[in-house]
Each structure stands twice: as structure tokens, then as C-alpha cells.
Amino acid sequence: IPGYGDSPSVEMVVTAQGRKTFLDHVLQELGMQRPVLVSPSMSGRFALPFLLEHGDQLAGFVPIAPVGTKDYTAEQYRRVQTPTLIVYGDRDTGLAAQALQNFQHLPEHRVAVLRGAGHACYLDKPEDFHRALLDFLHQLK
């Protein structure tokens with residue numbers, strides 16, 4: 001969590017640019033090359049700026065009803081070429097619907113709906129979530 005231990009100050013993550021930079025530093029420190037970024041809920045504030053600016057560094061993107069999708073335009077989403085698996089629970093009528101509406105502009109996307117699952121669909125239906133995620137990962141280049 002920013003601001004604790006040796007992590008950057010909280011001020012760094014106040015802006016989208018700061019959050020993108022923070023995530024970029026995390027991936028660099030971990031030595032990750034072309035990872036798949038899984039982004040549930042609040043992590044969208046970090047993942048979306050990174051995706052829009054550095055999506056070419058990712059092998060894939062898996063948003064799970066993330067916040068912040070309405071902060072970007074259809075044109076910005078259309079420029080992203082990162083293979084994307086949009087995951088949501090059919091009982092999440094808030095963020096999931098908004099995210100799906102915005103993410104429909106991503107050219108390389110597919111959708112996995114977890115039946116009977118709410119906002120934290122990966123907790124409600126872990127087997128279904130893992131099956132969808134593994135199928136997606138196996139199809140990546």
C-alpha cells in the first residue's frame with residue numbers, strides 16, 4: 001500500500017500519471033516481462049492508465065469490474081491492442097455494466113460472465129473464474 005514501509009509516498013498515486021508510474025516501477029522491480037495484468041475493482045485506477053499508455057508491454061489484460069473505466073474515451077480504448085478478457089459476475093449490476101460498456105471498444109477483447117456471482121466474482125465462483133482465466137492464458141501468444 002503506497003505510503004507504508006519502503007513504498008512511495010501517497011502523493012505519488014494521487015494522479016493517473018503517478019499511478020501508472022507506480023505500477024510501471026512495480027513491474028520493473030519484479031523483473032516482469034510481458035505479464036498478464038489482472039485488475040479487480042479498485043485496482044483499475046492503477047491498471048487503466050498503465051494499459052492505455054503501456055499496453056504493448058502486457059501479454060494480456062484481465063479487468064474484473066474495475067473502477068475508472070468512464071474516465072477514458074472510446075477512442076482511447078480503441079487504440080489498445082492488448083488481448084483482454086473482461087470478467088464479471090452477472091449479479092454485479094453496478095461497476096460490471098459500466099466497465100463492459102466502456103471496454104466494448106477494446107479491439108482485442110472477449111467476455112466471461114460468471115453466472116450467480118457478484119462484484120467479487122472470483123471469490124463467488126472461483127472454479128469458473130480460474131477456468132476462464134486459464135483458457136485465456138492458454139490462447140495468448
Side-chain angles (χ1 to χ4, degrees), residues 1-5 7-141:
I1 296 178
Y4 293 92
S7 66
S9 68
V10 174
E11 290 80 33
M12 179 181 189
V13 297
V14 170
T15 65
Q17 181 66 27
R19 291 186 296 271
K20 178 207 60 75
T21 301
F22 175 77
L23 184 54
D24 191 35
H25 286 303
V26 168
L27 295 177
Q28 286 180 20
E29 285 296 314
L30 293 173
M32 302 191 84
Q33 296 179 359
R34 298 202 31 86
V36 173
L37 183 58
V38 178
S39 177
S41 198
M42 289 300 290
S43 68
R45 293 272 183 227
F46 291 81
L48 292 173
F50 187 87
L51 173 73
L52 293 171
E53 193 164 324
H54 297 300
D56 59 329
Q57 295 178 20
L58 299 173
F61 179 56
V62 183
I64 308 165
V67 301
T69 61
K70 67 182 185 320
D71 296 343
Y72 304 97
T73 67
E75 184 53 39
Q76 286 175 295
Y77 287 120
R78 279 196 269 288
R79 289 193 293 256
V80 174
Q81 296 300 311
T82 307
T84 300
L85 174 66
I86 302 164
V87 180
Y88 68 95
D90 66 353
R91 292 189 179 167
D92 182 356
T93 57
L95 278 175
Q98 184 179 81
L100 185 59
Q101 180 181 7
N102 291 303
F103 284 148
Q104 70 180 337
H105 302 290
L106 291 168
E108 299 293 325
H109 81 272
R110 59 190 95 152
V111 178
V113 181
L114 304 187
R115 304 279 175 220
H119 182 63
C121 61
Y122 45 88
L123 295 176
D124 293 343
K125 298 287 183 171
E127 296 85 11
D128 295 343
F129 172 72
H130 288 120
R131 187 172 20 263
L133 180 60
L134 289 172
D135 287 348
F136 175 69
L137 294 176
H138 288 302
Q139 293 174 9
L140 293 176
K141 298 173 187 166

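Remember, it's a predicted structure, so these values are computed and weren't measured experimentally.
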Shortest non-hydrogen separation from Ser41 to Leu95 and the atoms involved
OG-CD1, 4.4 Å
Atom CG of Leu134 and atom CD of Gln139: how far apart are they, to the nearest 0.5 Å?
11.0 Å
Do other residues, nucleotides or ligands put more than 12 heavy atoms under 6.0 Å from the CD atom of Gln33?
no
With distance as the sole test, does Gln101 use its side chain to make a donor-acceptor pair with the main-chain N or O of Gln98 at under 3.5 Å?
no
Are there more than 12 heavy atoms of other residues, nucleotides or ligands under 6.0 Å from atom CD of Glu29?
no
Under 4.0 Å between a side-chain nitrogen and a carboxylate oxygen: does that hold for Asp71 and Arg45?
yes
Does Arg78, at its CZ atom, have more than 12 non-hydrogen atoms belonging to other residues, nucleotides or ligands within less than 6.0 Å?
yes
With distance as the sole test, does Asp124 use its side chain to make a donor-acceptor pair with the main-chain N or O of Gly118 at under 3.5 Å?
yes
Between CD of Gln57 and CE of Met32, what distance do you get to the nearest 0.5 Å?
12.5 Å
Heavy-atom closest pair (Glu53 atom, Gln17 atom, distance to 0.1 Å) is OE1-OE1, 3.8 Å
With sequence neighbours excluded, residues passing side chain to side chain donor-acceptor pair (under 3.5 Å) with Thr84
none
Which distance, rounded to the nearest 0.5 Å, do you find between the CG of Leu106 and the CZ of Phe61?
8.0 Å
Closest contact, heavy atoms only, Pro49 versus Ala16:
CB-O, 3.6 Å
Phe103 and Tyr88: side-chain contact (heavy atoms from CB on, under 4.5 Å), yes or no, with the steps?
CA-CA 12 Å; Phe103 284 148; Tyr88 68 95; over 6 Å; no
Can you measure from CG (Leu140) to CG (Leu85) and round to the nearest 0.5 angstrom?
9.0 Å
Ignoring hydrogens and angles, tell me if any N or O in the side chain of His54 forms a donor-acceptor pair with the backbone of Phe50 under 3.5 Å.
no
Starting at NE2 of His105, measure out to OG1 of Thr69 and round the result to the nearest 0.5 Å.
10.0 Å
Closest heavy-atom pair, Ile86 versus His109, reported as atoms and distance to 0.1 Å, is CD1-CD2, 3.6 Å
Phe136: what forms a ring-ring contact (aromatic ring centres under 6.0 Å, His included) with it, not counting sequence neighbours?
none
Would you say the side chain of Cys121 lies within less than 4.5 Å of the side chain of Asp92, judging by non-hydrogen atoms?
no
In Å and rounded to the nearest 0.5 Å, what is the CG to OG1 distance from Leu52 to Thr82?
9.0 Å
Go through the steps to decide whether Tyr72 and Asn102 satisfy the test side-chain contact (heavy atoms from CB on, under 4.5 Å), and finish with yes or no.
CA-CA 8 Å; Tyr72 304 97; Asn102 291 303; over 6 Å; no
Minimal heavy-atom distance between Pro66 and Ser39, with the atoms involved, is CB-O, 3.9 Å
Heavy-atom pair with the smallest gap, counting every atom of Ile64 and His119:
CG2-O, 4.5 Å
The single option from Leu51, Leu58, Leu48, Asp56 passing side chain to side chain contact (heavy atoms under 4.5 Å, CB included) against Val80:
Leu51
